[in-house]
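Single-structure report; data block below.
Just so it is clear, the structure is predicted and the values come from calculations on it, not from any experiment. Convention: sequence-line order gives letters A, B, ...; per-chain numbering from 1.
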Protein chains: 2
Amino acid sequence: MASTAMSRGARALEQSVGREAVIRAAARVFMERGFTATTMDDIADVMGATKGRVYHYYRSKVALFADVHELALLMITTRIRQVFEAELPPDEKFHAMCKEHIRTMIEEFALCRVGSVHGLDRHLIESASTQEARMLRKIVKMRDEFEGMFLQVIIDGIRSGHFREAPPKYAVKAALGALNWFGVWFDPTKKTSEAELATMSETLATFSTDGLRSLSSR
Amino acid sequence: MASTAMSRGARALEQSVGREAVIRAAARVFMERGFTATTMDDIADVMGATKGRVYHYYRSKVALFADVHELALLMITTRIRQVFEAELPPDEKFHAMCKEHIRTMIEEFALCRVGSVHGLDRHLIESASTQEARMLRKIVKMRDEFEGMFLQVIIDGIRSGHFREAPPKYAVKAALGALNWFGVWFDPTKKTSEAELATMSETLATFSTDGLRSLSSR
DNA sequence: GTCTATAATTTGATAGAC
DNA sequence: GTCTATCAAATTATAGAC
């Protein structure tokens with residue numbers, strides 16, 4: 001199962017070298033199969049290499065997964081923060097953040113899907129060594145930071161009257177759920193036109209923002 | 001790893017017998033760990049039994065997973081259909097369907113989480129035998145039927161002017177994403193009061209419905 | 001740095017006792 | 001119907017050649 005026709009074609013696409021090649025290959029396979037169903041052979045296969053190369057850079061599968069996850073969160077948090085720090089009314093800012101989120105998922109689907117869909121299962125954290133556990137706790141903290149930006153804008157929006165009264169901690173889960181679910185149903189192997197991608201991100205962003213709006217803000 | 005302190009406590013809770021005991025135990029473990037990370041020993045362990053019992057009722061892990069999945073979809077589809085067939089304006093119907101969805105997830109968390117969060121990965125379908133593949137295709141069909149009810153109400157709502165103009169196929173993904181994501185963040189091991197559960201389902205249902213509303217419908 | 005063994009473990013599935 | 005014992009395959013990780 002390790003060397004299918006598909007992995008052969010994939011090799012040509014991976015042109016980065018060294019540690020980065022490993023992390024990008026890992027992102028691809030973790031995205032498709034999740035943590036447990038991914039084998040070190042699968043990852044090596046995507047690079048047209050063998051396990052030895054993977055273990056040269058990472059001492060365990062958990063450590064590699066943690067690095068992929070961290071890279072994903074670092075990237076999306078950085079991009080969302082750009083919008084978060086802009087001077088905009090809460091509803092416009094929220095809409096822009098949602099759109100940036102979807103756009104990021106489209107551009108870096110493999111990385112983002114690892115970060116959002118394939119969450120950190122409890123049993124993964126439990127089975128980790130102390131060193132690995134520290135990496136995984138860091139990831140949880142980064143995710144809280146990411147969610148925190150959306151939460152803050154919701155709180156601001158309720159205060160300013162743009163958004164209706166609602167428990168912010170649940171509202172933020174609802175909005176991010178609508179966005180993150182994109183990683184579940186979108187199929188990156190199908191060719192999708194730019195216009196269609198724009199329609200998707202606009203529909204999702206407007207849905208998420210309107211779901212929060214107060215009557216007077218329409 | 002198969003017999004932890006937790007699985008010991010779990011045994012007392014499982015009182016059903018025979019095939020049903022297997023399916024309920026399997027639902028619990030699949031919910032927590034997903035398909036690949038779940039072992040047949042884990043499932044037997046929850047019942048205080050051994051693998052032999054599981055294999056007496058199911059000839060493979062995929063067959064068992066398919067049955068759990070099918071049961072989950074059958075249950076939620078039946079419940080949602082009750083609301084779907086009621087005579088209500090589209091926006092009210094949609095709101096009621098969302099609320100029923102969340103209520104079902106709360107009451108049958110294990111089953112629903114297997115059905116929504118731990119989807120049917122492509123590599124699972126690919127590696128299945130022909131007989132198993134037939135079961136899995138049936139599951140896909142049931143899920144389309146489930147989604148189809150939400151889709152229909154959205155289309156009706158746009159036509160009637162309750163909902164704004166938006167591509168229904170993406171709108172339905174957005175709304176169901178907000179709802180299904182509940183299965184990702186909700187922690188059933190924590191005690192949550194009835195009042196708080198009501199707040200959650202109301203917040204999520206209102207968010208999902210308002211995300212679709214047209215200006216004139218507020 | 002990368003590969004080829006290979007060790008050590010886990011795990012899906014089966015056979016046969018009770 | 002349930003359990004014990006066990007096989008066969010898969011998989012994480014390591015050791016050492018090149």
A/Met40 has an atom CE; how far is it from atom P of C/dT6, in whole Å?
21 Å
Spacing between A/Arg53 atom CZ and C/dT4 atom C1', to the nearest angstrom:
15 Å
Nucleotide nearest A/Thr50 (side chain, heavy atoms from C-beta), chosen from C/dT4, D/dC3, D/dG1
C/dT4
Atom pair distance, as rounded to whole Å: OH in B/Tyr58 and P in C/dT11
22 Å
Going by atom types alone, do B/Asp41 and B/Thr39 pair a side-chain donor with an acceptor below 3.5 Å?
no
To the nearest Å, give me how far apart CG (B/Leu124) and P (C/dG12) are.
12 Å
If I take atom CG in residue A/Asp41 and atom P in nucleotide C/dT4, what distance separates them, rounded to the nearest angstrom?
11 Å
SB check A/Glu70 A/Arg143 (cutoff 4.0 Å):
no
Which nucleotide in the list D/dG1, D/dC3, D/dA13 gets nearest to the side chain of B/Tyr57?
D/dG1
What integer distance in Å separates A/Ile43:CD1 from D/dT11:P?
12 Å
Starting from the 5' end of DNA chain D, give me the residue, A/Ser60 or B/His56, whose nearest nucleotide shows up first.
B/His56
Atom CE of A/Met47 and atom C1' of C/dC3: how far apart are they, to the nearest Å?
12 Å
Taking 4.0 angstrom as the limit, do A/Arg122 and B/Glu32 come out as a salt bridge?
no
Rounded off to whole Å, could you give me the CG-to-P distance for the A/Asp45 and D/dA10 pair?
14 Å
Compare the minimum distances between each of D/dT12, C/dA13, C/dC3 and the side chain of A/Lys51, then state the nucleotide with the smallest one.
D/dT12
A/Lys61 has its side chain closest, among D/dT12, D/dC3, D/dT2, to D/dT12
Flag the pair B/Phe84 / B/Phe146 as yes when their ring centroid distance falls below 6.0 Å, and as no otherwise.
no
Indicate, with a heavy-atom threshold strictly under 4.0 Å, whether A/Thr36 touches base, sugar-phosphate, or nothing.
nothing
Would B/Lys61 count as a cation-pi partner of B/Phe35, with NZ or CZ less than 6.0 Å from the six-membered ring centre and within 45° of the ring normal?
yes
If you assign B/Gly52 and B/Tyr55 each to the DNA chain C nucleotide with the nearest heavy atom, which residue ends up on the more 5' nucleotide?
B/Tyr55
